[in-house]
Every structure is written in C-alpha cells, then in structure tokens.
Trainee: 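The structure is given below, and queries will be raised subsequently.
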Amino acid sequence: MLGKENRIITVANQKGGVGKTTTAINLATALAAIGERVLIIDFDPQGNASTGLGIERHERVLSSYHIMVGEAGIAEAAMETDVPHLSIVPSTMDLLGVEMEISDQKDRVFKLKKAIAAFGEDTYDYILIDCPPSLNLLTINAMAAAHSVLVPLQCEFFALEGLSQLLETVGQVRSTLNPNLDIQGIVMTMFDSRNNLAQQVVDDVRSYLGDKVYRTLIPRNVRVSEAPSYGKPAILYDLRCSGSQAYLKLASEVIQRERERKAA
C-alpha cells in the first residue's frame with residue numbers, strides 16, 4: 001500500500017490547451033531532479049505525456065488502459081524514462097473505449113484507486129496523474145484515487161469560468177467518493193508580462209482563491225513548446241530557458257506546501 005508520505009496528485013482541467021500535460025511532465029521532471037521518486041500515470045488517450053517523455057507508441061505494450069480493465073498492474077505497466085527517478089505508465093488510444101467497457105461495473109469509479117492500492121511497496125514519493133481535457137469517467141477515477149488536484153490555468157479571459165466548473169466537480173467528488181480530496185494549487189500558465197489582460201486574470205484568480213494560487217507564473221516560452229517534439233521535458237531540452245526555470249520554482253513550491261501540510 002502507498003504510505004502516508006506518498007502524494008497522489010491529479011493534474012486536471014476540462015479545457016484543452018492550458019498547458020496541463022506540459023505542467024505534468026515538467027513538474028515531474030523537476031521533482032525527480034531534486035531526488036524525489038516520481039511516477040506519471042498518463043490518463044489521456046492522446047498520450048501526449050508519454051510522447052513528451054520520449055516513449056514511442058510501439059513501445060507502449062502495457063498502458064493505463066490495461067490497468068483500467070484489470071489486465072495489468074502498475075508495476076508491470078510502468079516504464080522508465082530518460083529522466084532518472086521518473087517513470088511513466090503510458091497511454092494509448094485504447095483508453096478511449098474504456099468507459100464503455102467498464103460502465104456496468106460497480107467499482108468503475110475506483111478502478112485506478114484499487115490499482116494504486118494494490119501496487120505494493122512505496123516505490124514513489126509522488127504519483128502525478130495527467131487527465132484528459134474533459135470531465136469524464138477517467139477524470140473521476142483520477143480524482144477518486146488522488147490526495148489532491150493541481151489545476152493548470154491559462155491566463156486568458158474565460159479562465160475563471162472553466163475553473164468554477166472544475167472546482168464544482170472536485171466538491172462533488174469530495175462529497176461522494178473521496179472525502180480527503182483537496183486543491184493542491186492553481187498554476188497560472190502561458191503568462192505574458194507584456195499583456196495587461198494576463199496580469200488582470202492572475203489578479204482575479206488570486207482574489208478568488210487566495211493562497212491556493214501558486215506564486216510561480218509559467219511564462220509563454222518557445223523552448224517549452226518545442227521540447228515535446230524532441231521527446232524531452234523542457235527542463236532537459238533547455239534548462240536555462242524561462243519556462244524550465246519556472247517549473248523548477250513550481251516544484252519547490254509544491255514541496256514547501258507538502259512540508260506545511262505535514263507540519264499542520
């Protein structure tokens with residue numbers, strides 16, 4: 001069983017194009033770089049987290065799909081990446097059909113939670129679950145299995161509208177499936193300091209959610225956008241770029257929040 005010191009964090013936003021997968025793989029890489037043992041579970045049928053960590057499609061013999069239908073465990077499906085201390089359970093398009101396959105099963109919302117519970121020893125310090133950009137059975141499974149939800153939020157006009165819907169879902173999961181689920185934090189992504197609207201959005205979200213919003217702002221950055229096409233996290237592709245440096249700062253904030261939580 002996973003010990004109390006392990007943290008399972010779901011990275012979720014029902015809106016696409018907000019930097020969700022980029023945040024998942026770069027936060028995971030930053031945590032691994034400072035010695036934390038990290039596993040990403042790629043729970044998006046598009047498999048972008050797997051691609052972004054250099055896992056070719058033909059290599060994905062076992063995937064998160066096989067975990068959901070009970071044909072494999074996490075220990076069997078997890079693959080090492082080129083990043084020391086970072087592994088991934090890859091995803092394939094098969095995951096698109098899993099909702100229909102398990103829809104009549106009583107434990108359908110707890111499939112991932114049971115798979116993690118059956119995993120065995122405390123192999124990882126952090127498990128990050130990269131969700132699809134929708135509020136479906138996969139996302140509900142991820143929230144039911146997690147300790148907390150980390151929300152990447154793009155600095156754009158409609159950001160708060162989508163955030164309200166996601167927070168409502170978190171509240172519903174907390175009241176019905178997982179009473180211990182909380183908000184790990186809100187990460188403001190694609191920030192452009194030259195854009196007055198971007199700063200206004202950050203200010204609005206902070207006035208709405210206070211210290212739940214991380215201090216670190218993830219900037220728009222060409223190097224971060226280029227990195228996945230090389231099968232690398234931005235931190236490996238270009239450590240010195242502003243995006244990589246921001247994700248390192250974000251990892252420090254995540255760890256600091258965990259220390260404060262434990263101390264409390």
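Keep in mind it's a predicted model, so treat the numbers as computed, not measured.
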Trainee: Can you find a heavy atom in the side chain of Val213 that is under 4.5 Å from one in the side chain of Met188?
Mentor: yes

Trainee: Are any of the side-chain heavy atoms of Thr123 and Leu39 separated by less than 4.5 Å?
Mentor: no

Trainee: Looking at Thr189 and Pro152, would you say the former's side chain and the latter's main chain have a donor-acceptor pair under 3.5 Å?
Mentor: no

Trainee: Could you walk me through whether Glu226 and Arg223 pass the salt bridge (charged side-chain N to carboxylate O under 4.0 Å, His left out) check?
Mentor: CA-CA 5 Å; Glu226 289 174 350; Arg223 303 295 277 174; 3.1 Å; yes

Trainee: Got a sec, which residues hit side chain to side chain contact (heavy atoms under 4.5 Å, CB included) with Arg240, two or more places apart in sequence or on another chain?
Mentor: Asp238

Trainee: So, using side chain to side chain contact (heavy atoms under 4.5 Å, CB included) as the criterion, who are the partners of Lys111 when residues are at least two apart?
Mentor: Met68, Ile102, Gln105, Asp107, Asn141

Trainee: Please list, chain by chain and in numerical order, all residues satisfying side-chain hydrogen bond (donor to acceptor under 3.5 Å, both in side chains) with Asp204, sequence neighbours excluded.
Mentor: none

Trainee: Sort and list the pairs that fulfil ring pair (Phe, Tyr, Trp, His ring centres under 6.0 Å) and have at least one residue in residues 190-233, not counting sequence neighbours.
Mentor: Tyr230-Tyr237

Trainee: Should Pro90 and Asp42 count as side-chain neighbours, where that means a heavy-atom distance under 4.5 Å?
Mentor: no

Trainee: Mind checking whether Arg108 and Glu99 have side chains closer than 4.5 Å, heavy atoms only?
Mentor: no

Trainee: Give me the one residue out of Ile218, Ile235, Leu150, Val187 that meets side chain to side chain contact (heavy atoms under 4.5 Å, CB included) with Leu27.
Mentor: Leu150

Trainee: Could I get the full list of side chain to side chain contact (heavy atoms under 4.5 Å, CB included) partners for Ser134, not counting sequence neighbours?
Mentor: Pro132, Asn136

Trainee: Tell me if a side-chain donor or acceptor on Gln154 pairs with a main-chain N or O of Met190 at a distance below 3.5 Å.
Mentor: no

Trainee: In a check of side chain to side chain contact (heavy atoms under 4.5 Å, CB included) between Pro45 and each of Leu138, Asp94, Val98, which one passes?
Mentor: Leu138

Trainee: Sub-3.5 Å donor-acceptor pair from the side chain of Arg7 to the main-chain atoms of Asp125, do we have one?
Mentor: no

Trainee: Quick check: does any side chain N or O of Glu253 sit under 3.5 Å from a backbone N or O of Thr216, one acting as donor and the other as acceptor?
Mentor: yes

Trainee: Using the salt bridge (Lys or Arg N to Asp or Glu O under 4.0 Å) rule, collect all pairs that involve residues 175-196, keeping only residues at least two apart or in two chains.
Mentor: Asp192-Arg194

Trainee: Does the side chain of Asn48 reach to within under 4.5 Å of the side chain of Pro228, using non-hydrogen atoms?
Mentor: no

Trainee: Going by the rule side-chain hydrogen bond (donor to acceptor under 3.5 Å, both in side chains), which residues pair with Glu101 if we only count those two or more places apart in sequence or in a different chain?
Mentor: Tyr65

Trainee: Give the other cluster members for Met93, using side-chain heavy-atom distances under 4.5 Å between Ile, Leu, Val, Met, Phe, Trp and Tyr residues; answer none if it is isolated.
Mentor: Leu96

Trainee: Taking only residues two or more places apart in sequence, or in another chain, which ones meet Ser242 in a side-chain hydrogen bond (donor to acceptor under 3.5 Å, both in side chains)?
Mentor: Asn221

Trainee: Could you tell me whether the side chain of Asn178 reaches within less than 4.5 Å of the side chain of Met143, counting heavy atoms only?
Mentor: no

Trainee: Partners of Ala33 by side chain to side chain contact (heavy atoms under 4.5 Å, CB included), sequence neighbours excluded?
Mentor: none

Trainee: Which residue pairs pass the side chain to side chain donor-acceptor pair (under 3.5 Å) test when at least one of the two sits in residues 15-24, sequence neighbours left out?
Mentor: Lys15-Glu156, Lys20-Asp130, Thr21-Asp130, Thr23-Tyr247

Trainee: Which residues satisfy the side-chain hydrogen bond (donor to acceptor under 3.5 Å, both in side chains) test with Gln245, sequence neighbours excluded?
Mentor: none

Trainee: Is there a donor-acceptor pair under 3.5 Å between the side chain of Ser50 and the backbone N or O of Ser91?
Mentor: yes

